[in-house]
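For ligands, and for the atoms within them, numbers begin at 1 and follow the listed sequence.
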Amino acid sequence: MSKLIGRSDADVLLVIDVQRDFCPGGSLPVPGGDEVAPLISRLAQAFDHVVMTQDWHPPDHASFASSHPGRKPFEEIDLPYGRQILWPDHCVQGAGGADFHPALDIPHAALVLRKGHRRDIDSYSAFFENDRRTPTGLCGYLRERGFARVVLTGLALDVCVRWTAEDAKRLGFSVAVVEDACRALGLAGSTSAWNSFREIGVDRFATADIL
Ligand SMILES: [Zn+2]
């Protein structure tokens, strides 16, 4: 495999939600989530183009169990746009838990895309909110910049990375996921992420393929 992946103006590294609340010690920890931060920082040095996403919710966000009296985290409810898993409060706008992990060091990232900022709707994918219709604007940005391939890293593999990879593929980008630069939350059904990727033609990279 080419070691020149990241040095192409057609390639963009997309770093999904490497934030304190998604790491051990945070309110919605992904096991081993902190381990990817230094790795992604090294990987990013091999890319001329990097975009980062940041989960960014108002304090009474509809995805929080605390916004639904009597409901507990990880239950599911029906919201106007469909089924929604209820989460512990996490990544509240301006709070420390929403900060990027301190070991994430990518000063040349050209765009930080904040998602989930509307009170009444969640956004797992970096491309669409969870109604699957409302665009975040990322597709337009990537197309206008001329990127053809999206290389994905971050948290959590089975939620936001997966939804983003599937949307990127559907939108016509070539897509790769860097396996050791992701960690999964481990929700029920998460083992099917790689099966889905294989079926739709998402490439599976390791950091060693790039560095
Ligand atoms: Zn969230």
Side-chain angles (χ1 to χ4, degrees), residues 14-37 40 51-104 106 109 111-139 150 152-168 177 181-190 193:
L14 188 48
V15 182
I16 303 292
D17 299 358
V18 181
Q19 293 166 259
R20 285 181 183 273
D21 269 344
F22 294 133
C23 293
S27 64
L28 181 46
V30 178
D34 52 332
E35 297 165 6
V36 301
I40 293 172
V51 169
M52 300 160 68
T53 68
Q54 191 172 26
D55 210 33
W56 194 252
H57 301 307
D60 56 349
H61 193 244
S63 78
F64 295 169
S66 64
S67 299
H68 305 271
R71 297 297 194 146
K72 294 191 183 66
F74 306 105
E75 290 181 5
E76 288 189 25
I77 61 166
D78 287 309
L79 291 180
Y81 56 83
R83 296 290 280 175
Q84 172 70 49
I85 301 174
L86 295 177
W87 304 108
D89 292 16
H90 65 278
C91 298
V92 173
Q93 295 169 359
D99 288 348
F100 290 116
H101 188 281
L104 195 70
I106 313 178
L111 174 70
V112 174
L113 180 91
R114 288 172 165 170
K115 59 190 186 61
H117 52 80
R118 288 192 178 91
R119 187 204 165 277
D120 294 324
I121 188 165
D122 207 0
S123 188
Y124 294 164
S125 168
F127 290 97
F128 294 99
E129 306 206 17
N130 280 11
D131 61 1
R132 319 303 297 130
R133 291 192 306 273
T134 306
T136 62
L138 181 62
C139 180
V150 176
L152 272 158
T153 61
L155 308 171
L157 174 71
D158 42 348
V159 188
C160 293
V161 173
R162 177 179 180 174
W163 287 47
T164 300
E166 291 173 354
D167 279 345
V177 173
C182 298
R183 291 291 185 279
L185 197 51
L187 296 176
S190 65

Within a distance under 2.8 Å of the Zn ion (ligand 1), the protein atoms of type N, O or S are D55 OD2, H57 NE2, H90 NE2
The side chain to side chain contact (heavy atoms under 4.5 Å, CB included) partner of R183 among D34, V36, D158 is V36
Worksheet entry | Side chain to side chain, C91 and Q54, heavy atoms closer than 4.5 Å | no
Given D55 and Q19, is the side-chain hydrogen bond (donor to acceptor under 3.5 Å, both in side chains) satisfied, shown in steps? CA-CA 8 Å; D55 210 33; Q19 293 166 259; over 6 Å; no
Check your understanding: Would you call D167-R132 a salt bridge at under 4.0 Å N-O?
Key -> yes
I'd like to know whether CZ of R133 has more than 12 heavy-atom contacts from other residues, nucleotides or ligands below 6.0 angstrom.
no
Ring pair (Phe, Tyr, Trp, His ring centres under 6.0 Å) filter on Y124, not counting sequence neighbours, yields W163
